[in-house]
Amino acid sequence: MRLSQMLFVTLREDPAEAEIPSHKLLLRAGYIRRIGSGIYAYLPLMWRVLKKVSQIVREEMDATGAQECLLPQLQPADLWRESGRWDTYTQAEGIMFAMTDRQQRELGLGPTHEEVITTIAKDMIRSYRQLPLHLYQIQTKFRDEIRPRFGLMRGREFIMKDGYSFHTNEESLKKTYQDMAQAYSNMLRRSGLQFRAVDADSGAIGGSGSQEFMVLAEAGEDEVLYTEDGQYAANVEKAVSMPADAEPSPFATFEKRETPGTETIDKLCKFLKCSPTQVVKNVLYQAVYDNGITVLVLVSIRGDQDVNQVKLLNELTKLAGNYQAKTVLFLTVPDAEAQRKWAAKSLPLGYMAPDLADDYIAGSKEVNSKFLRLVDRTAVDLTNFVTGSNESGYHVVGANWDKEFPLPATVVGVRTAKKGDRAVHNPEQTLQSARGIEVGHIFQLGTKYSQAMGATYTSEQGEEMPFVMGCYGVGVSRLAQSAVEQSYDKDGIIWPVAIAPYHAIISIPNISDAQQVEVAEKLYAELNQSGIETLLDDRDERAGVKFKDADLIGIPYRIVPGRSLKAGKVEVVERATHKSHEILIDEVNSTLKQWIEAAIN
């Protein structure tokens with residue numbers, strides 16, 4: 001492609017809308033253009049990158065025996081009601097674009113396709129002889145992000161590969177799950193990315209086990225905790241660890257003490273000269289279930305620990321049946337406005353005890369009249385601990401469970417693991433932290449969707465059995481931007497060779513120089529003919545402008561037919577290192593081919 005004929009506009013300044021380096025660079029280098037909030041056009045250079053990523057994904061999926069198809073983006077609400085996820089996706093998470101057509105039928109734009117694929121399997125797979133089966137697609141998805149940001153990282157329209165497998169048993173599912181774990185690792189390795197596979201929370205998708213594939217980058221939205229021995233890695237939402245040992249309590253007897261201005265753990269511990277490991281803090285949450293019932297949740301946890309809201313949400317979802325509900329729509333720490341809707345009297349915030357009385361709740365049809373009391377494992381074994389007194393300005397010391405305070409009946413593990421904690425698999429290993437961008441996620445769904453939607457097959461024994469399912473997703477457009485986030489410098493993007501829009505760019509310093517143009521044209525034709533994808537910068541611009549643009553757009557190799565032409569050579573500059581080579585014109589093709597093959601393999 002000749003740059004003079006391409007839709008190609010670069011910017012010298014960072015756009016105001018962009019927050020992270022990759023977003024700034026893709027806009028500046030003319031790869032994407034913002035059309036609306038979280039909505040971007042993929043321009044010619046970007047589309048080439050996305051096609052290359054898609055091809056790597058497609059090759060790895062096909063190698064496992066998966067079959068490509070294309071599913072509808074517009075989905076009937078009835079399918080999502082069958083699975084029980086319509087309210088979760090349109091109200092709780094609120095990420096589905098929902099609409100009503102002219103005949104008053106409710107529809108959604110697909111953020112994911114479990115319901116559609118399960119319906120297809122239900123209609124078409126009759127016998128165990130047709131299983132296992134694995135279908136996948138690469139297409140545009142839609143999610144109504146409340147705060148679209150970071151360009152293609154968290155957009156409202158994006159390209160994704162999603163695949164779904166159907167099995168007769170868990171053993172078969174686990175084999176495909178392992179095949180996908182390897183295929184995903186292959187995809188990221190072939191794309192030239194540094195990544196880590198980690199244990200993850202399944203979220204609204206559901207299922208028993210899941211694994212995320214994280215591209216390591218400082219701007220990653222997710223925190224990954226891992227051990228140096230390579231035996232453990234997990235998203236912070238899922239990570240488990242051993243907390244530090246609790247220090248001995250300095251209090252031997254129970255008493256109430258005046259502790260003015262100690263509404264935080266730090267202030268309290270300084271005032272009482274005690275360790276936060278001997279404090280039981282009581283954190284209040286407000287959960288709204290899908291039947292409209294609000295439940296006030298009081299979580300007792302050790303003072304040096306934080307509640308992991310994802311783990312808490314999972315525990316509350318398990319308890320949904322106690323409130324004649326299926327799932328949690330919202331989970332928040334209730335602010336003053338929320339408290340006014342249900343509080344019968346002012347709460348002693350910062351001084352609450354585990355036995356905060358139920359009469360603080362003004363009962364109604366919409367609000368459960370009793371606190372749901374949970375205790376984290378870190379607080380269960382504490383003795384002579386410090387906690388609130390239910391009176392502002394006062395705490396109690398020397399308290400014990402089942403003496404001064406009843407131990408809550410429901411013990412949970414909802415603490416947030418953190419860097420420096422001891423690893424569960426080996427206490428000699430401590431957790432390390434890294435930032436990551438989630439680009440892939442694989443799930444063992446089990447029978448969650450097949451049971452809910454009545455999707456069955458006939459077993460060898462003639463029984464109707466629900467499909468055992470798996471689900472596997474890769475964010476194609478997100479992966480492309482994460483490559484930029486992982487690899488750039490002050491001059492611009494540094495694309496991995498495998499997914500770069502072009503392998504090489506020939507920058508003619510002076511288009512008035514007939515020899516430079518002649519050599520450039522010869523190399524341009526020769527390289528493209530031999531399979532080396534090459535851009536020709538034949539614009540009537542200064543050499544400095546061309547070199548800056550070549551660095552900005554990140555093409556791996558820049559060829560300059562300049563002063564070295566007198567010696568029958570051209571300059572070849574490696575984008576990643578800025579290393580310059582003078583190479584004989586007749587050897588440019590073979591040299592680049594060798595470098596490209598080495599980089600890709």
Side-chain angles (χ1 to χ4, degrees), residues 53-54 56-61 63-64 66 112 134 136 153 160-165 170 173-203 205-241 308 310-311 417-419 421 423-426 429-446 469-483 485-487 496 498-499:
V53 173
S54 296
I56 290 172
V57 169
R58 189 171 276 116
E59 287 171 6
E60 291 297 332
M61 292 299 296
T64 69
T112 184
H134 188 173
Y136 78 94
M153 294 288 195
M160 183 177 174
K161 187 286 296 183
D162 54 324
Y164 307 91
S165 62
E170 294 284 341
L173 166 61
K174 286 178 179 175
K175 182 184 183 305
T176 297
Y177 184 82
Q178 291 303 320
D179 288 345
M180 284 300 99
Q182 185 60 57
Y184 276 39
S185 295
N186 293 347
M187 291 173 197
L188 294 173
R189 177 187 53 76
R190 287 181 59 190
S191 297
L193 300 174
Q194 291 179 294
F195 69 96
R196 191 179 293 274
V198 305
D199 293 339
D201 181 75
S202 297
I205 298 290
S208 58
S210 75
Q211 198 172 36
E212 287 175 343
F213 291 79
M214 297 280 197
V215 171
L216 302 178
E218 288 182 14
E221 288 189 282
D222 295 291
E223 182 182 5
V224 175
L225 296 173
Y226 64 95
T227 52
E228 295 285 5
D229 64 1
Q231 297 302 303
Y232 184 74
N235 189 309
V236 71
E237 295 177 347
K238 179 79 171 181
V240 295
S241 63
N308 183 316
V310 172
K311 292 181 181 178
K418 57 183 183 292
K419 180 181 179 181
D421 285 348
V424 172
H425 75 279
N426 180 358
Q429 290 282 320
T430 57
L431 297 187
Q432 306 298 313
S433 176
R435 304 303 300 180
I437 301 166
E438 179 198 343
V439 298
H441 204 158
I442 60 177
F443 303 83
Q444 295 180 51
L445 295 179
M469 293 175 59
C471 170
Y472 322 96
V474 169
V476 171
S477 47
R478 175 178 271 226
L479 188 155
Q481 182 170 330
S482 70
E485 194 61 46
Q486 190 176 85
S487 186
I499 61 173

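At distances below 3.5 Å, at least one donor-acceptor pair connects side-chain atoms of Asn308 with backbone N or O atoms of Val236. Distance alone, capped at 3.5 Å, is enough to place a donor-acceptor pair between the Ser191 side chain and the Met187 backbone. Lys238 contributes no side-chain N or O that, together with a main-chain N or O of Gln211, makes up a donor-acceptor pair within less than 3.5 Å. Here the side chain of Glu170 pairs no donor or acceptor atom with the backbone of Gly446 at under 3.5 angstrom. With hydrogens and angles disregarded, no donor-acceptor distance shorter than 3.5 Å links the side chain of Arg435 to the backbone of Glu218.
Separating the CE atom in Met180 from the OG1 atom in Thr64 is a distance of 3.5 Å, to the nearest 0.5 Å. Distance SG/Cys471 to OH/Tyr136: 15.5 Å, rounded to 0.5 Å. The CG atom of Asn426 sits 9.0 Å away from atom CD of Gln231, with the distance rounded to the nearest 0.5 Å. One distance of note links OG1 of Thr227 with NE2 of His425; it measures 4.0 Å at 0.5 Å rounding. Note that OG of Ser477 is 10.0 Å distant from CE of Met153, once rounded to the nearest 0.5 Å. Here the CE-CG distance, from Met214 to Asn235, works out to 4.0 Å after rounding to the nearest 0.5 Å.
Of all the heavy atoms in Ala233 and Ala197, the pair that sits closest is CB-O, 3.7 Å. Between His441 and Ser210, the shortest heavy-atom contact is NE2-OG, 3.1 Å. When every heavy atom of Ile437 is checked against every heavy atom of Ala217, the shortest pair comes out as CD1-CB, 3.8 Å. Taking each heavy atom of Ser241 and Leu431 in turn, the nearest pair found is CB-CD1, 3.6 Å. Taking all atoms of both residues into account, the shortest heavy-atom contact from Ala239 to Leu225 is CB-CD1, 3.8 Å. When all heavy atoms of Tyr226 and Ala434 are compared, the closest pair comes out as CE2-CB, 3.9 Å.
By the salt bridge (Lys or Arg N to Asp or Glu O under 4.0 Å) test, Lys418 pairs with no residue at all, sequence neighbours left out. Glu485 is linked by a salt bridge (Lys or Arg N to Asp or Glu O under 4.0 Å) to nothing, counting only residues two or more places apart in sequence or in another chain. Looking at residues two or more places apart in sequence or on another chain, you find a ring pair (Phe, Tyr, Trp, His ring centres under 6.0 Å) between Tyr184 and Phe213.
Between Ser185 and Phe195 there is a side-chain heavy-atom pair separated by less than 4.5 Å. Gln429 places none of its side-chain heavy atoms less than 4.5 Å from the side chain of Tyr232. Using a 4.5 Å cut-off on side-chain heavy atoms (C-beta onward), Val53 and Lys161 make no contact.
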TODO: Using the side chain to side chain contact (heavy atoms under 4.5 Å, CB included) rule, take Asp421 and Val240 through it: C-alpha gap first, then chi angles, then the decisive distance, then the call.
DONE: CA-CA 9 Å; Asp421 285 348; Val240 295; over 6 Å; no
Task: Evaluation steps, side chain to side chain contact (heavy atoms under 4.5 Å, CB included), between Val198 and Asp222 - done: CA-CA 11 Å; Val198 305; Asp222 295 291; over 6 Å; no
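Side-chain contact, Tyr472 with Thr176: no donor N or O sits under 3.5 Å from an acceptor N or O. For the residue pair Asp179 and His134, no side-chain donor N or O sits within less than 3.5 Å of a side-chain acceptor on the partner.
Heavy atoms of other residues, nucleotides or ligands lying less than 6.0 angstrom from CD of Glu221 number more than 12.
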